[in-house]
A.B. asks: 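One structure, pasted below without further comment.
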Amino acid sequence: MSSPTSTRSPQGERSSENTGRSGPLAHLILNATLAAVFAILFVRAGALPSSMWEPLGSGSFPRLVLAALVAINLALILKEARTFAALAPAEKGLVGRWCWRHRLAFGVLALFSLYILAVPMLGFALASLGFLLAGQWLLGARSGKALLIGLVVALVFSFGVDTLFRDVFVISLPRGLLG
């Protein structure tokens with residue numbers, strides 16, 4: 001019996017999802033994303049305040065590094081594009097199966113995105129409480145005991161960390177619109 005992630009060819013060889021265009025395509029997407037992020041940071045680094053003692057300005061070195069990173073990513077994109085074009089396409093349904101297998105990772109990323117958006121509105125403690133509770137439920141805490149443990153962990157790590165930073169380290173975490 002074969003697993004859903006691999007199939008057997010008529011010659012008895014295993015064909016896995018690591019063959020074909022998937023690797024170069026992943027590298028293309030990653031490097032294009034990084035190049036875009038570095039380009040945005042390059043533009044933002046130009047807005048750093050300059051000092052009268054620095055003739056080039058405080059954004060010069062970060063911009064130089066970011067420009068080099070963009071150039072490296074563009075070179076990697078060209079290399080991977082040639083590799084991608086030379087390989088045969090993968091079988092149908094491969095992307096859907098891969099997404100299904102990684103659904104928990106996508107769920108946690110989506111939850112973390114909501115958390116980032118919620119922190120300015122709800123504040124660190126409440127947003128963290130919601131994120132930790134939802135994350136534990138998403139990752140499998142369904143029984144009463146597991147949910148109770150999850151609630152205790154979420155309370156300690158949301159309100160406890162907020163109290164620790166505010167009272168011990170004297171660092172104010174975001175309070176949000178509610179408090």
A.B. asks: A quick test of your reading: do over 12 heavy atoms of other residues, nucleotides or ligands sit less than 6.0 Å from CZ of F106?
C.D. replies: yes
A.B. asks: Could you give the distance from CD1 (I29) to CD1 (I77), rounded to the nearest 0.5 Å?
C.D. replies: 11.0 Å
A.B. asks: Please report the interatomic distance CD1(I40) to CZ(F38), rounded to the nearest 0.5 Å.
C.D. replies: 11.5 Å
A.B. asks: State plainly whether one hydrophobic cluster holds both V37 and L30, where clusters connect Ile, Leu, Val, Met, Phe, Trp and Tyr through side-chain heavy atoms under 4.5 angstrom apart.
C.D. replies: yes
A.B. asks: Taking atom CG of D162 and atom CZ of F157, what is their separation to the nearest 0.5 Å?
C.D. replies: 14.0 Å
A.B. asks: I need the minimum non-hydrogen distance between F84 and R21, along with the two atoms involved.
C.D. replies: O-NE, 3.1 Å
A.B. asks: Minimum heavy-atom separation for L132 and S158, please, with both atom names.
C.D. replies: CD1-N, 4.4 Å
A.B. asks: Examine V108 and W137 and state if one hydrophobic cluster contains both, with Ile, Leu, Val, Met, Phe, Trp and Tyr joined whenever side-chain heavy atoms are less than 4.5 Å apart.
C.D. replies: no
A.B. asks: Out of curiosity, L78 CG to L74 CG, how far, rounded to the nearest 0.5 Å?
C.D. replies: 7.0 Å
A.B. asks: Using residues 116-130 as the side-chain source, report each donor-acceptor pair under 3.5 Å to any protein atom, sequence neighbours left out, with the distance given to one decimal.
C.D. replies:
residue	atom	partner	partner atom	Å
S128	OG	Y115	OH	2.8
S128	OG	F124	O	2.7

A.B. asks: Return the set of residues passing ring pair (Phe, Tyr, Trp, His ring centres under 6.0 Å) with F159 (not counting sequence neighbours), or none when no residue passes.
C.D. replies: none
A.B. asks: Is there a path from I171 to V168 through hydrophobic residues (I, L, V, M, F, W, Y) whose side chains come within less than 4.5 Å of each other?
C.D. replies: yes
A.B. asks: Identify the heavy atoms of K92 and R97 that sit nearest to each other, and give their distance.
C.D. replies: O-NH1, 3.8 Å
A.B. asks: Applying the 4.5 Å side-chain criterion to the ILVMFWY set and letting contacts propagate, would L28 and W98 be lumped into a single cluster?
C.D. replies: no
A.B. asks: Indicate the atoms forming the closest heavy-atom contact of R142 with L147, along with that distance.
C.D. replies: O-CD1, 3.6 Å
A.B. asks: Shared ILVMFWY cluster between L64 and L41, side chains joined below 4.5 angstrom?
C.D. replies: no
A.B. asks: Between V70 and A35, which heavy-atom pair has the shortest distance, and what is it?
C.D. replies: CG2-O, 3.8 Å
A.B. asks: For a quick test of reading the model, state the closest non-hydrogen atom pair linking L66 to F42 and the distance between them.
C.D. replies: CD1-N, 3.5 Å
A.B. asks: Taking atom CZ of F165 and atom CG of L173, what is their separation to the nearest 0.5 Å?
C.D. replies: 6.0 Å
A.B. asks: Quick check: does any side chain N or O of R103 sit under 3.5 Å from a backbone N or O of W100, one acting as donor and the other as acceptor?
C.D. replies: yes
